[in-house]
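Working notes, structure below.
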4 protein chains.
Amino acid sequence: MTRRRRPTTGGNTVPREMTDATNASKSQKSREAILESAAKLFRRQGYSATTLRQIADLAEIQAGSIYYYFDSKDAILDEVLDEGLRRVFNGVKLKLKQAGDISHRQKIALAIEAHLVALHDASDFTSANIRIYGQLPERLKGPHRAIRRAYARYWDRLLSNAQKADEIRSDIELIPLRIFVLGALNWTVEWFDLSKKDAVQKLARRTESIIFDGVKR
Amino acid sequence: MTRRRRPTTGGNTVPREMTDATNASKSQKSREAILESAAKLFRRQGYSATTLRQIADLAEIQAGSIYYYFDSKDAILDEVLDEGLRRVFNGVKLKLKQAGDISHRQKIALAIEAHLVALHDASDFTSANIRIYGQLPERLKGPHRAIRRAYARYWDRLLSNAQKADEIRSDIELIPLRIFVLGALNWTVEWFDLSKKDAVQKLARRTESIIFDGVKR
Amino acid sequence: MTRRRRPTTGGNTVPREMTDATNASKSQKSREAILESAAKLFRRQGYSATTLRQIADLAEIQAGSIYYYFDSKDAILDEVLDEGLRRVFNGVKLKLKQAGDISHRQKIALAIEAHLVALHDASDFTSANIRIYGQLPERLKGPHRAIRRAYARYWDRLLSNAQKADEIRSDIELIPLRIFVLGALNWTVEWFDLSKKDAVQKLARRTESIIFDGVKR
Amino acid sequence: MTRRRRPTTGGNTVPREMTDATNASKSQKSREAILESAAKLFRRQGYSATTLRQIADLAEIQAGSIYYYFDSKDAILDEVLDEGLRRVFNGVKLKLKQAGDISHRQKIALAIEAHLVALHDASDFTSANIRIYGQLPERLKGPHRAIRRAYARYWDRLLSNAQKADEIRSDIELIPLRIFVLGALNWTVEWFDLSKKDAVQKLARRTESIIFDGVKR
DNA sequence: TATGAATGAGCATTCATTCAT
DNA sequence: AATGAATGAATGCTCATTCAT
């Protein structure tokens with residue numbers, strides 16, 4: 001019952017920024033490969049339809065070997081989910097931090113773009129998270145509720161600040177608005193192939209324009 | 001190979017509204033119960049995570065009995081998916097047919113409302129469809145692509161007419177707009193419990209307002 | 001536990017000769033249809049691979065209806081087996097009874113012919129019996145051992161008489177000979193389509209010639 | 001779809017004689033155990049009446065483990081069938097190759113003996129093949145038709161050579177003769193327990209004598 | 001006289017998981 | 001650091017059987 005867990009770099013708080021090539025051991029690489037394969041397959045097929053054998057095949061290891069790195073399929077999901085949300089969240093925060101002194105509308109525009117980038121990026125972590133979270137059993141959702149709520153609150157603040165600054169009409173209720181905006185963004189995963197250069201940026205600008213200005217003449 | 005499939009109600013065009021108690025045979029009731037249970041579970045957990053035993057339990061029959069009515073789990077999904085899309089589609093078309101001579105914006109507002117109603121209705125067929133379709137393997141998606149495309153084109157026409165009538169800015173590209181709007185609507189399934197009276201109508205109005213007028217002051 | 005068994009004409013001792021058209025009720029016809037369908041399918045696919053649904057389909061009734069006529073699948077087999085052996089046995093006995101005063105070799109020749117006729121006849125009862133008996137579980141074989149042994153003993157007498165009359169070499173052991181002869185005959189089911197006119201007669205004559213005269217120059 | 005099937009011994013041409021204990025890995029042993037158990041049960045009960053659980057029990061492994069070695073029940077059958085026919089075929093060919101310069105009748109006598117040996121040997125592969133092949137559905141028979149035909153042609157040549165050398169009467173048709181002979185041999189499986197020493201040889205000699213010299217005085 | 005509806009035990013198969021090496 | 005071999009619980013599905021009508 002006391003399970004292994006040797007090759008972790010510290011649970012879920014691994015500084016994944018340094019994973020690229022530096023000292024990433026072979027072991028580290030296998031771990032990453034498993035996670036990336038899992039994310040890709042979860043995204044495409046959902047959690048339950050994805051087998052460990054598929055993940056192993058894609059990661060080019062043996063199914064049994066997965067258990068050297070992870071305690072269970074659930075544990076892989078956990079990390080994929082976590083990574084996925086952290087990527088959008090960090091992406092959005094970073095973008096806004098880098099921006100100088102800009103209007104609230106411009107801030108929201110940047111957040112939209114960063115959210116879309118995370119979603120349509122090469123990696124599948126964020127899109128996997130967005131796509132499968134809703135259908136997961138309570139047991140698997142539970143641990144991630146906190147971060148998700150934090151992200152939602154982050155957007156709420158973004159919108160609230162804009163409203164206080166009179167850049168959003170005062171009769172707009174913010175929570176439904178946030179759901180509306182994030183829904184529209186998230187759903188693009190189901191339709192769009194935004195791998196082409198600048199496609200994400202273009203979509204982001206269009207979305208921002210509709211949300212602020214509306215579509216009417 | 002050529003057995004079973006006796007108890008069908010005659011294709012997919014059954015008026016399922018009158019199923020309650022009227023003259024629906026006992027057989028028909030079981031069939032409906034299976035479909036409704038399946039829809040509910042598919043919606044909640046996805047297709048692959050839902051077992052026939054769960055469906056049977058919810059329908060209060062024995063797992064083996066399902067095969068008296070359906071050839072396979074896939075066949076159940078097929079019918080749930082079909083029913084689900086037909087319900088939104090019919091709902092939207094009916095709403096617009098009933099409306100008299102109204103503006104394009106009003107038409108779109110009605111379509112939004114009807115779409116949301118189908119999604120948050122008592123029945124889970126539409127929401128199941130919307131939620132799980134994207135993760136299904138090709139084999140299961142295939143047969144439904146046509147109807148889905150037809151529905152998309154229906155919205156495109158709605159928007160196109162509005163644009164021609166100068167009720168939508170001419171610089172707006174319509175296909176991204178349609179994806180944007182339907183995405184925002186579909187995503188509400190993930191967040192909202194709109195079972196409260198008028199909640200759907202209120203959300204519909206809010207959504208329409210944002211889309212047309214935008215959120216800015 | 002006290003099972004039905006209404007439409008039997010007296011267990012296994014039914015005078016099946018009068019079944020043709022005379023007073024055979026509709027019920028009787030269904031019974032026969034079930035048995036004939038079962039015999040055909042058992043012969044082709046074996047007992048265990050044949051489903052009641054297949055039998056019902058071929059007999060053009062509903063699967064459930066079989067239980068109006070028979071207590072179980074086993075009971076059908078029982079009757080098919082019985083009928084099958086009785087048909088060869090009666091066929092051979094009848095042929096020999098009709099024959100006048102002939103040599104032992106001629107008698108055996110007639111027995112060979114009658115055995116082959118029963119085997120390749122329109123009806124599948126005998127061939128089903130021959131083909132599937134060996135693979136049946138003890139429980140199903142048991143009740144038929146007696147008749148089978150009786151038939152074997154009948155042939156043994158036939159051969160023994162011939163040997164006593166010096167028409168078979170005295171150094172030939174009769175039981176292996178019987179097995180050899182019946183084996184050769186029975187195996188034809190696996191290879192030959194003897195539905196063509198006179199094919200059976202021709203094969204019978206050839207077989208008799210080999211057995212008595214041998215193949216050598 | 002493209003997983004498993006690792007532990008093969010390299011196609012079907014493995015010299016299975018050396019499997020006993022020599023260097024056969026543990027894995028190899030399990031594979032053999034499955035095949036041998038399957039052959040024994042198929043022979044006794046037929047294909048469809050044999051369950052994987054029975055095979056697993058006899059092989060002293062868990063039912064699920066079978067799938068580590070075989071893709072399906074059908075795949076096991078395939079290999080059993082193949083092995084079974086190869087054993088007789090090789091047995092007969094080997095016997096004849098070892099024989100020096102002998103008469104055609106003596107050659108046929110040896111072939112009869114080798115065929116009977118394969119059939120009544122410790123292993124059940126050949127007898128399983130002979131017994132169940134006829135009742136198999138097309139799908140399972142198909143792949144083995146070629147080898148079976150090759151074996152039949154081999155016998156045809158044996159007989160044809162004998163006839164050309166005037167050791168078989170010229171009025172004998174060879175194909176029916178082959179069927180007759182092989183039928184007589186094959187059928188012994190249904191009756192005889194030839195495990196006793198020399199029983200097979202004795203039967204072989206008797207059979208050859210009847211076929212060539214006939215039974216008449 | 002028959003059947004439509006339903007059952008439940010059992011089947012082949014899958015898959016997350018284990019563990020000796 | 002990783003795997004080959006094996007497990008066993010659970011899955012979708014089949015089928016002989018039941019029984020009210």
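Each chain gets a letter, A, B and so on, in the order its sequence line appears, and its residues count up from 1.
Residues B/R139 and B/D74 are paired through a salt bridge, judged by an N-O separation under 4.0 Å between the basic side chain and the carboxylate.
For B/K73 (side chain) and B/Y47 (main-chain N/O), a donor-acceptor pair under 3.5 Å exists by modelled atom type. C/S65 contributes no side-chain N or O that, together with a main-chain N or O of C/I61, makes up a donor-acceptor pair within less than 3.5 Å. Using a distance-only test at 3.5 Å, with no hydrogens or angles considered, a donor-acceptor pair links the side chain of D/Q135 to the main chain of C/R131.
Residues from residues 42-55 of chain D placing a heavy atom under 4.0 Å of any atom in DNA chain E, listed by number, are D/T50, D/T51, D/L52, D/R53.
You'll find the side chain of A/R31 stays beyond 4.5 Å of the side chain of A/I34, heavy atoms only.
Among all heavy-atom pairs drawn from A/A39 and A/A128, the shortest one is O-CB, 3.6 Å.
No side-chain N or O of C/H144 forms a donor-acceptor pair with one of C/N129 less than 3.5 Å apart.
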Yes or no on side-chain contact (heavy atoms from CB on, under 4.5 Å) for B/L41 and B/T51, after CA distance, side-chain angles and deciding distance? CA-CA 9 Å; B/L41 291 164; B/T51 73; over 6 Å; no
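For B/L77 and F/dG12, the CG to P distance is 12 Å, given to the nearest whole Å. Atoms CG (D/D71) and P (E/dT13) sit 9 Å apart, rounded to a whole Å.
Along DNA chain F, the nucleotide closest to A/I66 and the one closest to C/A63 are compared, and the more 5′ of them pairs with A/I66. In terms of position along DNA chain E, the nucleotide closest to C/E60 lies nearer the 5' end than the nucleotide closest to the other residue of the pair A/G64 and C/E60. Nearer to the 5' terminus of DNA chain E, by closest-nucleotide assignment, is the contact made by C/I61 (compared with the other of D/S65 and C/I61).
Taking only side-chain atoms of B/S72, from C-beta outward, the nucleotide of F/dC13, E/dT17, E/dT1 with the closest atom is F/dC13. Across E/dT1, E/dT18, F/dA5, the shortest atom-to-atom separation from the side chain of A/Y67 is found for E/dT18. Residue D/K73 places its side chain closer to E/dA12 than to any other of E/dA16, F/dA1, E/dA12.
Pairs of Watson-Crick or G-U wobble type, with distances under 3.5 Å, assemble into runs of 3 or more in DNA chain F at these ranges: E:2-21 with F:2-21.
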